[in-house]
Chemist: 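The structure under discussion is supplied below as structure tokens; questions concerning it will follow.
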There are 2 protein chains.
Amino acid sequence: MSQNIYKHHDHHACIDTAVSRARDLCQEKGVRLTPIRQRVLELVWANHKPVGAYDLLPRLAEEGFNSAPPTVYRALDFLLDLGLVHRITSLNAFIGCTHPGEDHPTCFFVCRQCGQAQELDSAEMSDIARQAEARLGVVVEQQITELLGLCPACKGAA
Amino acid sequence: MSQNIYKHHDHHACIDTAVSRARDLCQEKGVRLTPIRQRVLELVWANHKPVGAYDLLPRLAEEGFNSAPPTVYRALDFLLDLGLVHRITSLNAFIGCTHPGEDHPTCFFVCRQCGQAQELDSAEMSDIARQAEARLGVVVEQQITELLGLCPACKGAA
DNA sequence: GCAGATTAGGTTATAATGTTGCAATTCTAC
DNA sequence: GTAGAATTGCAACATTATAACCTAATCTGC
């Protein structure tokens with residue numbers, strides 16, 4: 001499992017790692033990590049909370065980037081395609097992927113209080129997909145799992 | 001597991017059962033299944049495809065019901081609270097619950113081609129939540145799992 | 001280098017989904 | 001029947017996402 005964000009960690013390292021992996025992945029795939037794309041990635045990684053596309057617009061504007069919705073959505077789509085960020089569909093928000101490059105079904109826990117989110121690996125994830133395929137005769141192409149609740153800190157505070 | 005919709009079935013019976021269960025549940029909980037609420041439930045159950053809130057508006061209008069967004073969303077919220085319908089968050093759409101009354105984590109398979117959706121039970125669902133709680137020290141209050149892919153018919157056609 | 005193809009970004013407008021706030025009505029319990 | 005609660009009507013608005021069309025930058029093969 002990826003590092004548990006609810007424990008102390010050096011967050012600058014998270015961002016640096018993410019950008020550096022992104023660069024490698026783009027190189028490998030022969031696509032371009034343009035300034036806008038990189039900046040969007042960094043902003044998504046600014047903390048461990050899923051961020052809405054429209055939250056990014058003013059921050060890009062501040063830095064002199066163009067900031068119309070299509071600009072941000074294009075950058076996000078690019079990053080999604082490469083698996084560098086994930087979309088939290090229940091929040092209409094985006095978050096950095098902690099292990100890009102690996103093709104994996106994603107599972108996120110999101111704290112409804114503080115908004116922090118943690119990506120999880122779980123063997124049971126693929127069991128569910130396989131079960132559905134066996135029982136229904138379907139083909140599963142994409143799997144979304146999102147857990148909502150309270151993180152350790154917010155649980156304690158309540 | 002609930003009936004597999006990809007096999008032949010009498011769909012009128014699906015709707016009747018749903019409405020009749022809704023009536024019982026409302027009685028039991030001391031809440032009112034008003035005409036609008038019942039009609040929205042029936043429309044959601046019109047087929048096994050998740051339906052958008054805005055798709056319901058014109059149909060309600062045809063029948064002389066008020067049809068502004070809040071009307072539909074209020075009815076849907078009511079039905080969601082009682083567990084009579086579920087929300088497919090990745091589609092911004094709603095679908096009838098096949099076993100209301102039971103408190104259960106929901107898992108849906110949705111065909112990306114024809115749009116039909118099937119609710120699934122899976123023991124692994126709660127395993128995932130329990131794992132997250134154990135590993136992260138969190139409390140899981142809600143769990144969303146959605147599988148996208150191809151149903152038997154659409155798989156065959158492709 | 002240069003021409004043409006490809007990719008990325010700029011701009012404007014609009015679509016799709018969901019919410020707030022308040023007034024009017026209807027129901028329920030006493 | 002009357003007060004309080006629940007429900008509905010209504011208008012405006014907020015949020016999220018995409019379409020369409022064009023310009024600019026970059027790459028590729030020569």
Side-chain angles (χ1 to χ4, degrees), chain A residues 22-23 25-41 43-44 49-61 63-82 84-95 110 115 144 146, chain B residues 22-23 25-41 43-44 49-82 84-95 115 144 146:
Chain A
R23 248 193 290 268
L25 201 60
C26 287
Q27 176 94 33
E28 185 188 317
K29 302 247 178 187
V31 295
R32 283 187 284 158
L33 188 65
T34 62
I36 288 184
R37 290 167 175 175
Q38 175 170 338
R39 195 64 192 118
V40 166
L41 180 64
L43 288 173
V44 166
K49 299 182 190 180
V51 61
Y54 277 74
D55 296 333
L56 300 175
L57 289 179
R59 300 201 225 172
L60 287 172
E63 301 173 18
F65 287 99
N66 176 45
S67 75
T71 301
V72 168
Y73 279 102
R74 281 175 193 145
L76 287 170
D77 285 345
F78 173 85
L79 298 170
L80 284 170
D81 278 348
L82 266 76
L84 291 165
V85 306
H86 294 297
R87 191 182 140 85
I88 309 284
T89 176
S90 61
L91 301 178
N92 295 323
F94 303 85
I95 192 165
V110 183
I144 295 163
E146 295 170 14
Chain B
R23 248 194 288 269
L25 201 60
C26 287
Q27 177 96 31
E28 185 188 315
K29 301 247 180 186
V31 295
R32 282 189 285 158
L33 189 64
T34 60
I36 289 184
R37 290 168 176 174
Q38 175 170 338
R39 195 65 192 119
V40 167
L41 180 64
L43 289 173
V44 166
K49 299 181 190 180
V51 60
Y54 276 74
D55 296 335
L56 300 175
L57 289 178
R59 301 203 225 171
L60 287 172
E62 276 171 19
E63 302 175 17
F65 289 98
N66 176 45
S67 75
T71 300
V72 168
Y73 279 102
R74 286 196 281 238
L76 288 170
D77 284 345
F78 173 85
L79 298 169
L80 284 169
D81 278 349
L82 265 76
L84 290 165
V85 306
H86 294 297
R87 191 183 141 84
I88 310 284
T89 178
S90 60
L91 302 177
N92 294 326
F94 302 85
I95 191 165
I144 295 163
E146 295 169 14

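Labels below follow one simple rule: chain letters A, B, ... track the order of the sequence lines, proteins then strands, and each chain is numbered from 1.
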Chemist: Between A:Leu33 (CG) and C:dG9 (P), how many Å, whole number?
Modeler: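 My rounded result for the distance is 10 Å.
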Chemist: With a 4.5 Å cut-off on side-chain heavy atoms, are A:Asn66 and A:Leu60 touching?
Modeler: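 The answer is no; the side chains never approach within 4.5 Å.
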Chemist: Think B:Tyr73 has a side-chain N or O under 4.0 angstrom from the OP1 or OP2 of C:dG18?
Modeler: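 True: B:Tyr73 side-chain N/O within range (under 4.0 Å) of C:dG18 OP1/OP2.
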Chemist: Output yes when at least one side-chain N/O atom of A:Thr71 is less than 4.0 Å from OP1 or OP2 of C:dG10, else no.
Modeler: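 Yes, such a contact exists.
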Chemist: Does B:Arg74 contact C:dG18 through a side-chain donor or acceptor facing the base, at a distance under 3.5 Å?
Modeler: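 Answer is no: no donor-acceptor pair is held.
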Chemist: Run through A:Val72, A:Leu56, A:Ile36 and flag the one making a side-chain contact (heavy atoms from CB on, under 4.5 Å) with A:Phe65.
Modeler: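 Between A:Phe65 and the candidates, side-chain contact (heavy atoms from CB on, under 4.5 Å) is satisfied uniquely by A:Ile36.
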Chemist: D:dT16 phosphate, OP1 or OP2: any side-chain N/O from A:Asn92 under 4.0 angstrom?
Modeler: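 So the side chain of A:Asn92 is outside the cut-off, no N or O lying under 4.0 Å from OP1 or OP2 of D:dT16.
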Chemist: Nearest to the side chain of A:Phe94, which nucleotide is it out of C:dT11, D:dT7, D:dA17?
Modeler: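 For A:Phe94, the side-chain atoms sit closest to D:dA17.
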Chemist: CG of B:Leu79 versus P of D:dT7: gap in Å, rounded?
Modeler: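 Interatomic distance, CG of B:Leu79 to P of D:dT7: 12 Å.
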Chemist: Can you tell me how far P of D:dT28 sits from CZ of A:Arg32, to the nearest Å?
Modeler: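 About 10 Å, once rounded to whole Å.
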Chemist: Go through C:dT19, D:dA17, D:dG9 for me and flag the one nearest to the A:Ala53 side chain.
Modeler: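 It is D:dA17.
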Chemist: After noting the C-alpha distance and the side-chain angles of B:Lys49 and B:Val51, does the key distance pass the side-chain contact (heavy atoms from CB on, under 4.5 Å) rule?
Modeler: CA-CA 6 Å; B:Lys49 299 181 190 180; B:Val51 60; over 6 Å; no
Chemist: By the definition side-chain contact (heavy atoms from CB on, under 4.5 Å), identify the one residue from B:Ile95, B:Val44, B:Asp77 that meets it with B:Val85.
Modeler: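 Single side-chain contact (heavy atoms from CB on, under 4.5 Å) partner of B:Val85 among B:Ile95, B:Val44, B:Asp77: B:Val44.
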Chemist: Return whichever of A:Tyr54 or A:Arg37 has its heavy-atom-nearest nucleotide of DNA chain C closer to the 5' end.
Modeler: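 The residue closer to the strand's 5' end, by nearest nucleotide, is A:Arg37.
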Chemist: Please give, in whole Å, the distance from D:dT15 P to A:Leu91 CG?
Modeler: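 Those two atoms, CG and P, are 16 Å apart.
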Chemist: From C:dT20, D:dC27, D:dT18, pick the nucleotide closest to the side chain of A:Pro69?
Modeler: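 Selected nucleotide: D:dT18.
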Chemist: To the nearest angstrom, how far is A:Leu76 atom CG from D:dA17 atom C1'?
Modeler: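 So the CG-C1' distance, A:Leu76 to D:dA17, works out to 11 Å.
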Chemist: Which nucleotide wins on minimum distance to the side chain of B:Ile36, given the candidates D:dC10, D:dT8, C:dG18?
Modeler: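 In terms of side-chain proximity for B:Ile36, the closest of D:dC10, D:dT8, C:dG18 is D:dT8.
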Chemist: In whole angstrom, give the distance that lies between atom CG of A:Leu57 and atom P of D:dT15.
Modeler: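 Rounded to the whole Å, the gap is 12 Å.
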Chemist: Ignoring hydrogens and angles, tell me if any N or O in the side chain of B:Asp81 forms a donor-acceptor pair with the backbone of B:Phe78 under 3.5 Å.
Modeler: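 Not a single qualifying donor-acceptor pair exists.
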Chemist: Tell me: CG of B:Leu56 to C1' of C:dT17, nearest whole Å?
Modeler: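 Rounded to whole Å, this separation is 13 Å.
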Chemist: Given atom CG of B:Asp77 and atom C1' of C:dG18, what is their separation to the nearest angstrom?
Modeler: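 Distance check: B:Asp77 CG to C:dG18 C1' gives 10 Å.
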Chemist: A:Arg87 side chain N/O closer than 4.0 Å to the phosphate oxygens (OP1, OP2) of D:dA17?
Modeler: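 Checking A:Arg87 against D:dA17: at least one side-chain N or O falls below 4.0 Å of OP1 or OP2.
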